[in-house]
Amino acid sequence: MLQTQTPRTLKTVAQKSTLTITDITAEAAKLDAFDNHERVWHGRDEERGLNAIVAIHNTALGPGLGGTRVWPHETFEAALTDVLRLSRGMTFKSAVAGMDFGGGKALIIANSKTDKTPALLEAYAEMLAALNGQYFTGEDVGFTVADADFLRERTPNVTGTTVGGSGNPSPVTAHGVFLGIKAALKHRGVATLDGVHVAVQGLGSVGWTLCEKLHAEGARLSVTDIDATRMEQAKDAFGATPVALDDILKVNADVFAPCALGGVLSAENIPLLGAKIVAGAANNPLVRHEDARLLMERGVLYAPDYVINAGGLLNVAAELAPGGYDREATMAKVAKIPETLTDIFARAEAQKRPTNDVAAEIAFERINAARQR
Ligand code: NAI
């Protein structure tokens, strides 16, 4: 368990604004997903359609950094659970990747295709500005580079913009995942992607680029997406085999690469998993942290999500470094993702522990050392 830090303050929202920001940390603390998060805020603006939560998990290493997800959760509790889990994951992601940032994440409860109006984004920009530099955001599911650019014109706490920033982080995330898949295969004695069968769930920004890279090195692809057109496009572009949503887990592939949303692997469906490696971009692919043990017992090698998908965070964080974004230095850091994974795989195997326990231990070591300093 991480410690709660000193309470933080907000800048006052301009008097004429219709936005209200409420500290809901105490309400969040009632949920299982709460893990001593430092602060959780709810931003509400009925007039402009904003219903957003910003969660700051831990800032021992630096200010909270993590993307904004736009997703139409059916209940507020489901949204709160999602953002609590995601922000916690960002703490670990930053720590393992050696970055001086803490864990933060935002969730706008809305349909990104129909509800994301300029008015809503204006209100959200006000909310970010009021958080006073405690949280830096960027892209996530439903939140695009164009959205980041829009916000950046209104508030400085935005990364992944094309306005003097590093742009879309997804290709960098995909590159890190691609290198991570190769590291997992290598750990299992497979030296080449040629003929390797990968089942990819989700053909969005990251999933699609990942498919391009895998296909270019001779991998065979089975794919699924809730958007059937994407599957048809993948069939044309990569000769991929489209698979029904519920069947992707069961595909007898070498690697299962979850690149859609989280919560896709559970005690119920892990026995049905066809692949012997799980390595993908999705945050929180396991319903419970403990499910990694079930994977281990089944002989499945799990690449912890926040280790393998850190490329995008490394890319956007580089914007905030003194001197600004340096692509070469960033890609050199991304190239270390397979090394970190290989170390985690080896330690986990030697100690007969799940890989995500070993990864968490590495994160805690850094966070605790920072706290002691
Ligand atoms: P995206 O929104 O571009 O793509 C997600 C894709 O998954 C969409 O094509 C969507 O139709 C599909 N999808 C949604 N539910 C599905 C389901 N039940 N079954 C199959 N397909 C489904 O998102 P993006 O940026 O590609 O991110 C993918 C995952 O990777 C997310 O979990 C995200 O949090 C994570 N991630 C993304 C990073 C980035 O740089 N974009 C960085 C680190 C993690």
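Order of appearance sets the numbers: ligands from 1, and atoms from 1 within every ligand. Every value quoted in this text rests on a predicted model; they were computed, and no experiment measured them.
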Within a distance under 4.0 Å of any heavy atom of [X], pick out the atoms of ligand 1 and give their elements.
X: A260; value: 7 (O), 13 (N), 16 (C), 21 (N), 22 (C), 28 (C), 29 (C), 31 (C), 32 (O)
X: L245; value: 19 (N), 20 (C)
X: G202; value: 7 (O), 21 (N)
X: D140; value: 33 (C), 34 (O)

Could you check whether any side-chain N or O of [X] sits under 3.5 Å from a backbone N or O of [Y], counting only pairs where one atom can act as donor and the other as acceptor?
X: H37; Y: D35; value: yes
X: R298; Y: L273; value: yes
X: N356; Y: H289; value: yes

Judged on heavy-atom distance to [atom], which of [options] sits nearest?
atom: atom 11 (O) of ligand 1; options: V70, D225, N283, T229; value: D225
atom: atom 40 (O) of ligand 1; options: I248, D227, T173, L210; value: T173
atom: atom 41 (N) of ligand 1; options: A282, S170, G280, G207; value: S170

Cation-aromatic face contact R154/F150, 6.0 Å, 45 degrees: yes

Could you tell me whether ligand 1 has any atom less than 4.0 Å away from a heavy atom of G262? no

Ligand 1 contact by K93, heavy-atom criterion under 4.0 angstrom: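 Yes; K93 lies near enough to ligand 1 that a heavy-atom distance drops under 4.0 Å.
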
Return the closest protein heavy atom for [atom] as residue, atom name and distance.
atom: atom 36 (N) of ligand 1; answer: A281 O, 3.7 Å
atom: atom 28 (C) of ligand 1; answer: C259 O, 3.3 Å
atom: atom 18 (N) of ligand 1; answer: I226 CG2, 4.1 Å
atom: atom 6 (C) of ligand 1; answer: G204 N, 3.7 Å
atom: atom 37 (C) of ligand 1; answer: V206 CG2, 3.9 Å
atom: atom 23 (O) of ligand 1; answer: V141 CG2, 3.6 Å

Would [X] and [Y] pass as an ion pair if we require N to O under 4.0 Å?
X: R48; Y: D45; value: yes
X: D149; Y: R152; value: no
X: D254; Y: R188; value: no
X: R69; Y: D140; value: yes

Looking only at N/O atoms, are [X] and ligand 1 under 3.5 Å apart anywhere?
X: G312; value: no
X: S205; value: yes
X: R69; value: yes

Check for me whether the distance between the ring centres of W71 and F143 falls short of 6.0 Å.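 No, the ring centres sit 6.0 Å or more apart.
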
Can you tell me if K276 has over 12 outside heavy atoms packed within less than 6.0 Å of its NZ?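 Yes, enclosed.
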
Side chain to side chain contact (heavy atoms under 4.5 Å, CB included) for F34 and L80? Distances and angles first, verdict last. CA-CA 9 Å; F34 188 84; L80 189 51; over 6 Å; no

